[in-house]
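Presented below is the structure to which this report refers.
The analysis underlying the following values was restricted to heavy atoms, covering all of them including side chains, and did not include hydrogens, waters or symmetry mates.
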Amino acid sequence: MRHKKLLTGLAATAVIIGLNSYTLLKTFVIPEVQTTVVSTTTENVAIAAELAAESTDSASTASTSSGSEQTETASSEVASPESASETVQTQSETETSLTQSAAQVSETSYSDENIQITLSTIREYNTNIYIAEVTLSDASLLKTALARSAFGTNVTETTSSMAESNNAILAINGDYYGADRSGYVIKNGVIYRNTVRSDSQYPDLAVYADGSFKIIYETDITAEELLAEGVVNLFAFGPSLIENGEVSVDENTEVKKAMNKNPRTAIGIIDDLHYILVVSDGRTSESEGLSLYELANIMKTYGVTTAYNLDGGGSSTMYFNGTVVNNPTTNGRRISEREVSDIVYIGY
């Protein structure tokens, strides 16, 4: 009996130690992959298609009891939903490959029948600033990607690595959703997190299926309502830089307790399917960095109607045609990319 109690006690102690060890490791280094909150619209459509196919098969069987041979012959000629999907995907990949092979590409530009990108570098405020002007034929070409294709805390990857994995033509770092435990996360039409952000005084940028931008506050609308309205991507960093064509920050606006001059990343829309992506260097002797007010004023000169500040500092990175074009740095002593949780990119 004493031996049994001793074994039970040892087992309980081992469980407690194990849980404590896991908690400590999770707090500091363990990447925690999490599940989605709401499935994609595409998945729902696929499920509906399968149900419709089953219904059609059942109706066909019930109505052809006297002509089973003809029904079987007709059924054998109809491709399954899976094979039809694979055929469409193969055709799409072929068309994309042909489009990209016909593209005109240089160090500062990319152009095909669906995507036009012009990259320029300007120098303002003692800082190198990289500007990508983008025009698209379809809003679906503006996308996001998650580090290691997974959602979770401490799941990170460099911007260039994510860009290469997703065959991106142009990419910038996103909002680094993984640095927070709260705040809506909607990427490519999927809700990954639906809790209101702790710093809810900052707005989010909602990107809709038609490619339009809108500044929203999480306290005003749920993540599910946003998805129902057609939001496909949401960025929760901020603040907004331009709203309705007017600068929405002042000279004293800053992200929490950050320094006034920083490397910056921002995205804006000029008009329908016409965007601008901006990244600035900073924290070096060559490039001082930008204030939010300076960044907003630069974007306004390009006719931007809505602009939003994404994660900056050491995260600020722009990738174009297989190369990191800016000089990302955290402290100015070493030029290197910081790993982040997500990117915004242009590609097929």
Side-chain angles (χ1 to χ4, degrees), residues 34-48 134 136-147 149-152 162 166 168 171-245 248 265-277 304-311 340-347:
Q34 300 163 5
T35 59
T36 61
V37 176
V38 177
S39 62
T40 64
T41 301
T42 303
E43 289 171 348
N44 291 334
V45 170
I47 292 170
V134 179
L136 306 175
S137 67
D138 191 279
S140 65
L141 299 169
L142 173 63
K143 304 180 181 184
T144 57
L146 303 180
S149 300
F151 170 78
M162 279 184 271
N166 289 278
I172 56 175
N173 62 286
D175 62 5
Y176 209 147
Y177 76 81
D180 294 314
R181 292 281 183 172
S182 62
Y184 297 167
V185 179
I186 302 176
K187 305 294 184 188
N188 296 319
V190 180
I191 297 177
Y192 290 94
R193 191 167 63 204
N194 61 358
T195 55
V196 174
R197 63 192 295 192
S198 58
D199 53 347
S200 55
Q201 73 274 19
Y202 285 109
D204 296 356
L205 174 66
V207 181
Y208 288 78
D210 65 358
S212 61
F213 284 10
K214 183 180 179 181
I215 300 298
I216 66 97
Y217 286 84
E218 294 183 8
T219 50
D220 293 338
I221 189 169
T222 68
E224 290 75 14
E225 288 170 336
L226 287 169
L227 196 69
E229 284 185 357
V231 171
V232 292
N233 286 299
L234 192 79
F235 302 105
F237 199 88
S240 60
L241 300 170
I242 296 178
E243 295 183 37
N244 300 316
S248 54
T265 301
I267 186 170
I269 186 168
I270 298 171
D271 50 39
D272 291 348
L273 301 178
H274 187 187
Y275 307 97
I276 184 170
L277 283 64
V304 171
T305 55
T306 301
Y308 191 76
N309 182 57
L310 296 169
D311 185 25
V340 294
S341 61
D342 57 297
I343 62 170
V344 187
Y345 76 96
I346 305 297

Whether [X] side chain and [Y] backbone form a donor-acceptor pair below 3.5 Å:
| X | Y | result |
| --- | --- | --- |
| S240 | T306 | no |
| D180 | S182 | no |
| D138 | S140 | yes |
| N309 | G238 | yes |
| Y192 | K187 | no |
| R193 | V185 | no |
| N188 | T144 | yes |
| D342 | Y176 | yes |
| Y308 | F237 | yes |
| Y177 | G152 | yes |

(request) Determine, step by step, whether K214 and V231 satisfy the side-chain contact (heavy atoms from CB on, under 4.5 Å) criterion, reporting the C-alpha distance in whole Å, the side-chain angles of both residues, the deciding distance to 0.1 Å, and the verdict. (result) CA-CA 10 Å; K214 183 180 179 181; V231 171; over 6 Å; no
(message) Around atom CG of D272, are there more than 12 heavy atoms from other residues, nucleotides or ligands closer than 6.0 Å?
(response) no
(message) Looking at N244, I want to see if its CG is surrounded by more than 12 non-hydrogen atoms of other residues, nucleotides or ligands under 6.0 Å.
(response) no
[X] versus [Y]: any side-chain heavy-atom pair under 4.5 Å?
| X | Y | result |
| --- | --- | --- |
| I269 | T305 | yes |
| F235 | V344 | yes |
| T265 | D311 | no |

[X] to [Y] - nearest heavy-atom pair and separation:
| X | Y | answer |
| --- | --- | --- |
| R197 | E218 | N-OE1, 2.7 Å |
| I172 | A266 | CD1-O, 4.1 Å |
| A139 | A209 | CB-O, 3.2 Å |
| V304 | G268 | CG1-CA, 4.0 Å |

(request) For Y184 and V196, run side-chain contact (heavy atoms from CB on, under 4.5 Å): C-alpha distance rounded to whole Å, both residues' side-chain angles, the deciding distance at 0.1 Å, then the answer. (result) CA-CA 6 Å; Y184 297 167; V196 174; 3.7 Å; yes
Rounded at 0.5 Å granularity, tell me how far [atom1] in [X] sits from [atom2] in [Y].
| X | Y | atom1 | atom2 | answer |
| --- | --- | --- | --- | --- |
| I215 | L205 | CD1 | CG | 5.0 Å |
| Y345 | N166 | OH | CG | 4.0 Å |
| D175 | L234 | CG | CG | 8.0 Å |
| L141 | L273 | CG | CG | 9.0 Å |
| L136 | L142 | CG | CG | 6.5 Å |
| L227 | E229 | CG | CD | 10.0 Å |

(message) Run F213 and I267 through side-chain contact (heavy atoms from CB on, under 4.5 Å) and show every step you take.
(response) CA-CA 10 Å; F213 284 10; I267 186 170; 4.0 Å; yes
(request) Kindly determine whether N233 and I186 satisfy side-chain contact (heavy atoms from CB on, under 4.5 Å), including the steps that lead there. (result) CA-CA 5 Å; N233 286 299; I186 302 176; 6.0 Å; no
